[in-house]
Amino acid sequence: CAPSYETFLTQHYDNPKSSVGKQYCDVMMKRRGLDKPACKEVNTFIHGTKNNIIAVCTASGGKDYGKGLRISLRPFTVTTCKHKGGSTRPPCKYSDNKSSRYIVIACNQDGKPVHFDESL
Ligand code: T3P
């Protein structure tokens with residue numbers, strides 16, 4: 001089935017950044033169901049408003065980046081979680097990297113984000 005905006009939000013939207021103590025990624029990857037059936041290898045959470053993220057799908061907030069992708073005109077604060085350790089089965093352990101980056105996403109025909117590709 002086609003990727004959905006709701007799934008994009010579940011996987012990639014967290015604004016303001018949730019206060020879960022240290023080990024943000026370990027907690028959030030589990031909370032958002034990204035530890036099943038196996039630990040997702042890489043996942044980025046965007047700490048920006050829905051309006052600002054949606055705007056990347058329009059000329060006011062983003063521009064074409066080829067292959068049906070769009071890149072934001074301004075950086076977002078993001079946290080990228082990277083799986084660490086050998087086992088891909090839960091409990092999943094992640095490293096956290098919070099930074100300011102341009103996001104590369106795909107949008108659907110309604111102008112909503114449906115896929116996170118990378119951040120630069
Ligand atoms: P999804 O399409 O479910 O959002 O590229 C494979 C997956 O990894 C894809 O998942 C997006 C995710 N990903 C991030 O969330 N952040 C990154 O920086 C990269 C490279 C991939």
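When reading the values below, keep in mind they use all heavy atoms of this one structure, side chains included, and skip hydrogens, waters and symmetry mates.
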If you look at every heavy atom in [X] and [Y], which pair is closest and at what distance?
{"X": "Ala106", "Y": "Leu69", "answer": "CB-CD2, 4.0 Å"}
{"X": "Gly62", "Y": "Leu73", "answer": "N-CG, 3.6 Å"}
{"X": "Pro90", "Y": "Pro37", "answer": "CD-O, 4.2 Å"}
{"X": "Glu118", "Y": "Tyr65", "answer": "OE2-CE2, 3.9 Å"}
{"X": "Val56", "Y": "Ile71", "answer": "CG1-C, 4.0 Å"}
{"X": "Val114", "Y": "Cys107", "answer": "CG2-C, 4.1 Å"}

Any donor-acceptor N/O pair, His47 side chain to Asp14 backbone, under 3.5 Å: yes
Short side-chain to backbone donor-acceptor contact, Asn108 and Asp110, under 3.5 Å: yes
Those residues that, when tested against His83, pass ring pair (Phe, Tyr, Trp, His ring centres under 6.0 Å) (two or more places apart): Tyr94
Side-chain donor-acceptor contact under 3.5 Å, Arg89 with Ser87: no
Atom NZ of Lys17: over 12 foreign heavy atoms under 6.0 Å: yes
[atom2] on [Y] to [atom1] on [X], rounded to 0.5 Å:
{"X": "Phe8", "Y": "Tyr13", "atom1": "CZ", "atom2": "OH", "answer": "11.0 Å"}
{"X": "Phe116", "Y": "Ile53", "atom1": "CZ", "atom2": "CD1", "answer": "9.5 Å"}
{"X": "Cys57", "Y": "Arg70", "atom1": "SG", "atom2": "CZ", "answer": "7.0 Å"}
{"X": "Tyr24", "Y": "Asp96", "atom1": "OH", "atom2": "CG", "answer": "8.5 Å"}
{"X": "Thr49", "Y": "Ile54", "atom1": "OG1", "atom2": "CD1", "answer": "8.5 Å"}
{"X": "Thr10", "Y": "Tyr5", "atom1": "OG1", "atom2": "OH", "answer": "10.5 Å"}

Under 4.5 Å between any side-chain heavy atoms of [X] and [Y], yes or no?
{"X": "Cys25", "Y": "Thr79", "result": "yes"}
{"X": "Cys81", "Y": "Met28", "result": "no"}
{"X": "Asn15", "Y": "Ile46", "result": "no"}
{"X": "Tyr102", "Y": "Ser119", "result": "no"}
{"X": "Pro113", "Y": "His12", "result": "no"}
{"X": "Lys98", "Y": "Val78", "result": "no"}

By side chain to side chain contact (heavy atoms under 4.5 Å, CB included) - contacts of Leu34 (at least two apart): Gln11, Met29, Arg32, Lys40, Asn43, Phe45
Partner residues of Glu6 under the side chain to side chain contact (heavy atoms under 4.5 Å, CB included) criterion, sequence neighbours left out: Ser4, Leu9
